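Reading through the structure tokens given below for one structure.
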Amino acid sequence: MSMTARGSEGLAAEMLARLFENTRPLVDALFAQVNDGVTVQAQDLSLCFANPAAARILGAASPEELLGPGGVAVFERYEILDAAGQPMSPSLLPGRQVIAGRSGTELVLRLRDRRTGEERWSRVSAAPVRDTRGQVVYAVNVFQDVTEVMRTQERLSLLAEAGELLSASLDLESTLAATARLLVPRLADWCAIHLAGDATPTRQVASVHMDPAKVELARRLAELYPTDPQATGGIHHVLRTGVPELTSDITDAMLVAVARDAEHLRMLRELGLRSLMVVPLNARGRTLGTLTVATAESLRRLGPEELRVVEELARRASLAVDNARLYAEARRAQARHEVALEAGRMGSWEWDIAAQRVNWAPTLERIHGIPEGSFGGTFEDYQRDMHPEDRERVLTSIQRVVAEFQPEYHVQYRVILPDGRVRWVEAHGRLTLDEHGRPSRLTGVCTDITERLALEEDARRLVREQAARAEAERARQHTTELLESLRQAQAELAQRAQELARSNADLEQFAYVASHDLQEPLRMVASYVQLLSRRYKGKLDEDADAFIRYAVDGATRMQALINDLLAFSRVGTRGKELVPVPLERSMERALTHLRLALEESGAEVKVEPLPWVKGDATQLTQLLQNLVGNAMKFRGEKTPRIRVSATHEGDTVTVAVEDNGIGIEPQYYERIFAIFQRLHSKEEYPGTGIGLSICKKIVERHGGRIWVESTPGRGSTFRFTLGAAEGPERA
């Protein structure tokens, strides 16, 4: 780059910097109320702008503390970690990437306070500010505090992993040790699990710390200074009471108070605990052990939120401990049962391959449910009570042993006893060869394993049921929360519906009263203005005649507007009970009211047979009068042709009023039914804009709906629905 180019680039950057400083008050005001932190980073990586939210997120007392080369040293105060908790180089921060001319990727960072150990999460992104030559002059950093979201996500992930781990195996001690390793270092620096013992009050099954030397120190401390089983705090106290303990801040004065001698105090200080909680493992009304977590080197502080997470984890661990104990009891019962089987339900057998003879011991005959000495001894007799589904598999296994000279024979299969019961047996045998090396005999024992298999299945079912109960309890709690939220939403909706109904009633009453009270003074004004028009028309100048004409027109339109407002409000307040009425009668009354307008316009009205409907006859007449009147009004230059028809489907009658008028654009289909909404000026088409609103209100009072279908220039069809009713001739 030439000196001239570099000079112009520097000048552009300087102008951009001056522009930034000149607009600084505006920038400060714009970002003062923003919840996200915003900073502007110069090319030397110092900050030249920070809003209050950025100061709060980065631990500064005010935005000014962050600015310039002498600003708060963020990297001295905070340890910068990635979302997984691993140290991260500052050069990877989005702002520095942008300053270096690269694209700044959005990152989620963990800021760990080096003094207190407190962690905060922020989602950070950056965007470049370029000068006129496209060179990056500033980086704008945006910090969004996502601490609560990430903490919740991390805790849910921890509980999910722990639940999966605890339900995957019945190997109790290795599973608990793996669970303890989940907590370190994600939640704490230490984790230990103790189970209540038989010979001793407690037995430690897990002790986890990132530093093996600290684990050894804790072991020696417990060995030299064992805890008092009758202590009023700690593991033994929690075992006795089943109540968790939380010490958020461990002070040196506390260590001095519990130390038994100078060496004990030295070791406690070397351990460096800052927070401690002991949570019981409770299941079926018993405390099976304790789960202890603590912080030290990280300086993190354990509080109520962490206690709730550890309590939930302890609840799941308790279920695992209880399941393992139940399984162990089942295994011991199974072992005792196997001893009994070996004593009385195990029979020996021998198959002489050359002679094709099978010998059974009396015990084996009892296992097969046949009288002693009744076994025939042939190979066919051996197969006779074998389950048909297992026979081919067993015979193939025997043939393979003989054909391949396999030394050992082992198979499990079912037999059907004479009384129809099915038993499982397990056969173990050994192949014997003759002096020529040919298979001679297959000798072994056969054991009834029906009960053993049933116990194993019971143990597996027990584990599945325990896991299912835990899942069902979580689902029940979630369902309860959803139902409570739904109940609150329904109550709020009902209250708002009640308020809306009351508001609508008040509005209708107000419209009626206001319109009624306006009638009398307006009638007087209109009368006197019309009197002035008759008495002085042509006697004054042209302006006076025009003014009087305007007043007469205004008073007349106001009277029409008030009358329409009264009609609109009376739909809800003066309506009669809905009863069966002949719609043709209402149509006849409507045409009678429109007789003069029909004669003046020359309109042709065709009315097809109309059914009986359930409604208010007066309001239905007004509805049809308004729709036919509109069809005549918005006719354009053509002679109005109007057709009124109805279709009957189930309990609903759909009435259609078709015309050949000017039509309506689709975007106005909804607007025309709103009160005071007009698509044309009063000079083109007179009216107040309330007629279709009255129609809609009448139809809705009758439980129906009204809509329009139209083609501009070719006419419109207004349709509305009413409830069907039977006339006297069909009743």
Side-chain angles (χ1 to χ4, degrees), residues 162-176 178-179 195 205 281 283-286 288 315-349 363-370 382-398 408-429 444-476:
E164 210 173 299
L165 188 64
L166 289 166
S167 62
S169 171
L170 288 171
D171 184 356
L172 180 61
E173 297 197 7
S174 63
T175 302
L176 290 177
T179 303
L195 294 181
V205 295
L281 303 178
R284 294 193 297 165
R286 297 172 53 206
L288 307 178
R315 185 185 67 80
R316 301 184 185 193
S318 303
L319 289 174
V321 172
D322 196 39
N323 289 345
R325 291 196 172 188
L326 291 173
Y327 182 72
E329 291 174 4
R331 291 294 300 271
R332 286 194 292 271
Q334 174 186 332
R336 290 191 297 270
H337 191 70
E338 286 178 349
V339 171
L341 287 176
E342 289 175 359
R345 298 193 62 80
M346 178 180 293
S348 61
W349 53 268
T363 306
L364 193 54
E365 291 176 317
R366 289 195 297 272
I367 290 175
H368 283 256
I370 60 176
Y382 163 66
Q383 302 174 45
R384 186 166 289 122
D385 63 356
M386 196 177 293
H387 197 288
E389 295 178 2
D390 297 341
R391 182 176 293 121
E392 183 178 353
R393 175 173 55 84
V394 175
L395 296 180
T396 300
S397 175
I398 294 173
E408 299 288 341
Y409 167 68
H410 173 229
V411 68
Q412 293 180 352
Y413 59 95
R414 290 166 291 178
V415 295
I416 302 175
L417 274 58
D419 61 4
R421 288 182 298 150
V422 176
R423 308 289 291 179
W424 276 93
V425 296
E426 183 175 45
H428 288 272
V445 294
C446 193
T447 308
D448 186 341
I449 61 170
T450 305
E451 283 74 15
R452 191 189 83 192
L453 294 179
L455 284 172
E456 290 176 355
E457 178 58 30
D458 287 344
R460 287 190 290 269
R461 186 177 66 253
L462 178 63
V463 173
R464 291 194 298 268
E465 288 175 355
Q466 292 281 3
R469 281 199 296 270
E471 185 62 32
E473 176 61 21
R474 288 193 293 273
R476 186 193 66 77

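What you see is a predicted model, and the numbers here were worked out from it, not measured in a lab. Just so you know, residue 1 is the first one in the sequence shown, and it goes up from there.
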Taking all non-hydrogen atoms of both residues into account, name the closest pair between T450 and W424 and its distance. OG1-N, 2.8 Å
Could you walk me through whether L195 and L281 satisfy the side-chain contact (heavy atoms from CB on, under 4.5 Å) test, starting with their C-alpha distance in whole Å, then the side-chain angles of each, then the deciding distance to 0.1 Å, before giving a yes or no? CA-CA 8 Å; L195 294 181; L281 303 178; 4.1 Å; yes
With rounding to the nearest 0.5 angstrom, report the CD1 to CH2 distance, I367 to W349. 13.0 Å
State the CZ-CG distance between R366 and D448, to the nearest 0.5 angstrom. 12.0 Å
Shortest non-hydrogen separation from P388 to I416 and the atoms involved: CD-CD1, 4.0 Å
Closest contact, heavy atoms only, R474 versus R315: NH1-NH2, 4.0 Å
Please state whether the rings of H410 and H428 are parallel, tilted or perpendicular, taking 30° and 60° as the class boundaries. parallel
Sorted by chain and residue number, the side-chain hydrogen bond (donor to acceptor under 3.5 Å, both in side chains) partners of R469 (sequence neighbours excluded) come out as Q466
With H387, which residues qualify under ring-ring contact (aromatic ring centres under 6.0 Å, His included), at least two apart? none
Where do L417 and R423 land on the side-chain contact (heavy atoms from CB on, under 4.5 Å) test, with the steps shown first? CA-CA 7 Å; L417 274 58; R423 308 289 291 179; 3.4 Å; yes
Count the heavy atoms of every other residue, nucleotide or ligand shown that sit under 6.0 Å from CD of E392, and state whether that count exceeds 12. no
Who passes salt bridge (Lys or Arg N to Asp or Glu O under 4.0 Å) against R384, sequence neighbours left out? D381
Taking salt bridge (Lys or Arg N to Asp or Glu O under 4.0 Å) as the test, write out the residues that go with E457, two or more places apart. R460, R464
Enter the distance from I449:CD1 to E426:CD here, rounded to the nearest 0.5 Å. 4.5 Å
Hits for salt bridge (Lys or Arg N to Asp or Glu O under 4.0 Å) against D390, two or more places apart or cross-chain, chain-then-number order -> R393, R414
Residues in ring-ring contact (aromatic ring centres under 6.0 Å, His included) with Y413, at least two apart? none
